[in-house]
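So the structure is just underneath, and the comments pick up after that.
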Amino acid sequence: MPELPEVEVVRAGLQPAVTGALVTGVEIFDERSLRRHVPAAGSFAEQLTGRRILAAVRRGKFLWLPLDSDRALVVHLGMSGQVLLRTPGAAEDRMLRIRLTLEHPTHGELWVNFVDQRIFGSMAVDAMGPTRDSLPGGYSGQPQADAAWQNRIPSQVAHIARDPIDPSFASNAFFAALARKNTGIKRALLDQNLISGIGNIYADEALFAARIHYEQPAASLSAAKARTLLAAVRTILQRALAEGGTSFDAQYVNVNGQSGYFAHSLEAYGRQGTPCSRCGTLIVREQFMNRGSHFCPRCQRLR
DNA sequence: CAGTTAACCTGTCAGC
DNA sequence: TGCTGACAGGTTAACT
């Protein structure tokens, strides 16, 4: 489940189920799902078994579960990852790669199934370090300023920029970086080191809402236009989150396997050949970065 | 530094 | 029915 809203749906679903739970079992069905695990301080299973989970945190499309060992279980869903909560003994999920068994003090025993068709996603145990700005590492539902994990971040997530719905997102620094970028605006929106959480769907939707062509040079946007774009990004992400994310099929689901509804609200992504909701011109799809860019050629002109 | 390409993978769908 | 090719929401490393 790729972009920010879909990952946040997963985080929010995990939080009440895993916070305070003890990891009692780890089963690995496909080692390739541990691609990002660095076995320096011990194997994946060794570092998890017997540890307690303290929270569920997200920055952009990265999710992590801080452990009582100053490490964290880092989860990235890649293109097709799912995290499913199951009652032990439930029927096997297809394409199950990793399973954790948890013992929660009040909810009892639980399976956390990591399912991933394409195996671009991964789980890893990683060391935590301080955040560069000494602010919270990401979004975790309830702020817990006194918690040791709060202002720390897994080493493999440290290079990822804050996302636009993070209260600590530095808008002015983002605008300044845009003004310095010698590249197209969509490439900049997809650059997770500049702003995180935006993928191909929401980049196209935000650019449509702000009426900006995807190849418009980032540095050429006026201050007002850049502000409009950031506001559009936030609005789209929040609306998508409120509707449970975007699902075209059973691939992108919450921890209970349910789809979101935002696909009905898409204005540009996947709508090539259908009329623009503003002017009736047919939406166009062009090849871009080995995928598609969808836009209205009339509303979104290159200037 | 910016941009391109390839690599990592499996499944689904359209067309023949 | 079966084959082939195109396509899919992401990230990273290597190269120009």
Side-chain angles (χ1 to χ4, degrees), chain A residues 1-10 29-38 58-63 74-83 93-98 114-124 126 154-161 163 177-207 214-215 217-220 233 236-237 240-241 243-254 259-263 265-266 268-273 285-294:
Chain A
M1 274 191 158
E3 307 181 46
L4 188 155
E6 295 77 33
V7 180
E8 175 56 23
V9 163
V10 171
F29 302 103
D30 197 322
E31 294 278 344
R32 294 174 298 178
S33 290
L34 295 178
R35 200 191 317 280
R36 300 176 75 103
H37 179 72
V38 183
R58 181 195 51 75
R59 174 185 290 209
K61 305 170 196 172
F62 280 83
L63 185 62
V74 179
V75 183
H76 196 285
L77 301 172
M79 291 282 259
S80 54
Q82 305 175 338
V83 180
D93 285 302
R94 226 179 131 205
M95 294 174 283
L96 175 63
R97 310 299 184 194
I98 297 171
F114 182 70
V115 169
D116 190 6
Q117 178 200 121
R118 295 177 71 182
I119 325 190
F120 289 173
S122 61
M123 281 186 159
D126 194 10
S155 65
Q156 59 185 254
V157 189
H159 67 290
I160 299 294
D163 61 63
L178 272 192
R180 256 183 275 119
K181 274 279 167 192
N182 181 20
T183 190
I185 186 61
K186 182 168 175 184
R187 210 179 287 278
L189 285 181
L190 294 176
D191 182 348
Q192 306 294 304
N193 303 306
L194 264 190
I195 183 169
S196 69
I198 304 168
N200 208 32
I201 293 180
Y202 299 114
D204 282 359
E205 292 302 305
L207 289 169
Y214 68 100
E215 287 189 304
S220 74
V233 164
I236 302 270
L237 293 178
L241 179 55
E243 295 189 40
T246 300
S247 308
F248 301 125
D249 49 37
Q251 186 92 238
Y252 301 95
V253 295
N254 68 13
S259 295
Y261 295 97
F262 196 69
S265 306
L266 297 178
Y269 186 88
R271 297 208 54 226
Q272 61 272 23
R285 177 187 192 273
E286 285 181 3
Q287 195 74 17
F288 173 76
M289 286 173 83
N290 248 337
R291 43 177 58 137
S293 236
H294 313 75

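Keep in mind that the numbers below use all heavy atoms, side chains included, and drop hydrogens, waters and symmetry copies. Just so it is clear: chains get the letters A, B, ... in the order the sequence lines come, proteins before strands, and each one is counted from 1.
- Scored by the side-chain contact (heavy atoms from CB on, under 4.5 Å) test, A:Phe248 finds A:Ile201, A:Thr246, A:Ala263, A:Leu266, A:Tyr269 as partners (sequence neighbours excluded).
- Rounded to a whole Å, the NZ atom of A:Lys181 is 8 Å from the P atom of B:dG3.
- Taking the six-membered ring for Trp and thresholds of 30 and 60 degrees, A:Phe62 and A:His76 have ring planes more than 60 degrees apart, a perpendicular arrangement.
- Looking at the side chain of A:Thr183, the nearest of the listed nucleotides B:dG3, C:dC7, C:dG10 is B:dG3.
- Out of C:dG9, C:dT11, B:dC9, the shortest distance to the side chain of A:Tyr252 is found at C:dG9.
- A close approach under 4.0 Å does not occur between any side-chain nitrogen or oxygen of A:Lys61 and OP1 or OP2 of C:dG9.
- A:Pro2 and A:Gly78 get closest at one heavy-atom pair: CG-O, 3.6 Å.
- Across the protein-nucleic acid pair, A:Lys186 atom NZ and C:dG9 atom P stand 9 Å apart, rounded to whole Å.
- Heavy atoms only, all atoms of each residue included: A:Val157 and A:Val74 are closest at CG2-CG1, 4.2 Å.
- Looking at heavy-atom distances under 4.0 Å, A:Tyr269 makes contact with sugar-phosphate atoms alone, never a base.
- Residues that satisfy the side-chain contact (heavy atoms from CB on, under 4.5 Å) test with A:Arg35, not counting sequence neighbours, are A:Ile119.
- Every side chain to side chain donor-acceptor pair (under 3.5 Å) that A:Ser293 has, sequence neighbours left out, goes to A:Lys186.
- In this entry the distance linking CD of A:Glu3 with P of C:dT11 reads 9 Å, nearest Å.
- If you take CD1 of A:Ile185 and C1' of B:dA2, they are 15 Å apart, rounded to a whole angstrom.
- By the 4.0 Å N-to-carboxylate-O rule, A:Asp126 lies too far from A:Arg36 to be salt-bridged with it.
- Residues satisfying the side chain to side chain donor-acceptor pair (under 3.5 Å) test with A:Asp30, not counting sequence neighbours, are A:Arg32.
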Please list each protein N or O that sits under 3.5 Å from an N or O in nucleotides 13-15 of chain B, with the distance.
none

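- By the criterion of a centre-to-centre distance under 5.5 Å and near-parallel planes under 30°, the ring of A:Phe120 forms a stack with the base of C:dG10.
- Here the straight-line distance linking atom CG of A:Leu190 with atom OH of A:Tyr214 works out to 12.0 Å at 0.5 Å rounding.
- Between A:Arg118 and C:dG9 there is no side-chain N or O to OP1 or OP2 distance below 4.0 Å.
- Between B:dA2, C:dG9, B:dT10, one nucleotide has an atom nearer to the side chain of A:Arg97 than all others, and that is B:dT10.
- Considering only residues two or more places apart in sequence or on other chains, A:Asn290 meets the side-chain contact (heavy atoms from CB on, under 4.5 Å) condition with A:Gln287.
- Residue A:Gln117 places none of its side-chain N or O atoms closer than 4.0 Å to OP1 or OP2 of B:dC9.
- Spacing of C1' atoms, C:dC7 relative to B:dC9, comes out at 14 Å, to the nearest Å.
- Look at CG on A:Leu241: it is 20 Å from P on C:dG9, rounded to the nearest Å.
- Here A:Leu241 pairs with A:Pro5, A:Glu8, A:Val9 under the side-chain contact (heavy atoms from CB on, under 4.5 Å) rule; sequence neighbours left out.
- Residues passing the side chain to side chain donor-acceptor pair (under 3.5 Å) test with A:Gln272: none are found, sequence neighbours excluded.
- Listed by first residue number, the stems of DNA chain B with at least three Watson-Crick or G-U pairs below 3.5 Å are B:2-8 with C:10-16, B:10-16 with C:2-8.
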Please list, for nucleotides 12-16 of chain C, all pairs of protein and nucleotide N/O atoms separated by less than 3.5 Å.
{"unit_1": "C:dT12", "atom_1": "OP1", "unit_2": "A:Arg36", "atom_2": "NH2", "d": "2.8"}
{"unit_1": "C:dT12", "atom_1": "OP2", "unit_2": "A:His159", "atom_2": "NE2", "d": "3.3"}

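- A:Ile201 places its CD1 atom 17 Å from the P atom of C:dC7, with the value rounded to the nearest Å.
- Here A:His76 reaches the OP1 or OP2 of C:dT11: one of its side-chain N or O atoms lies under 4.0 Å away.
- Picking from C:dT11, B:dT10, C:dG9 the nucleotide with the shortest atom distance to the side chain of A:Gln192 gives C:dT11.
- For a distance-only test at 3.5 Å, the side chain of A:Arg291 qualifies as a donor-acceptor partner of the base of C:dG10.
- Residue A:Leu178 contributes atom CG, which lies 12 Å from atom P of B:dA2 at whole-angstrom precision.
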Using a cutoff of under 3.5 Å, can you pull out all pairs of nitrogen or oxygen atoms linking the protein to nucleotides 4-7 of chain B, with atom names and distances?
{"unit_1": "B:dT4", "atom_1": "OP2", "unit_2": "A:Arg187", "atom_2": "NH1", "d": "3.2"}
{"unit_1": "B:dT4", "atom_1": "OP2", "unit_2": "A:Arg187", "atom_2": "NH2", "d": "2.7"}

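- Taking atom CE of A:Met79 as the reference point, atom P of B:dG11 lies 15 Å away to the nearest angstrom.
- The side chain of A:Asn200 contributes an N or O atom lying less than 4.0 Å from OP1 or OP2 of C:dG9.
- In this structure A:Arg271 satisfies the side chain to side chain donor-acceptor pair (under 3.5 Å) test together with A:Thr274, sequence neighbours excluded.
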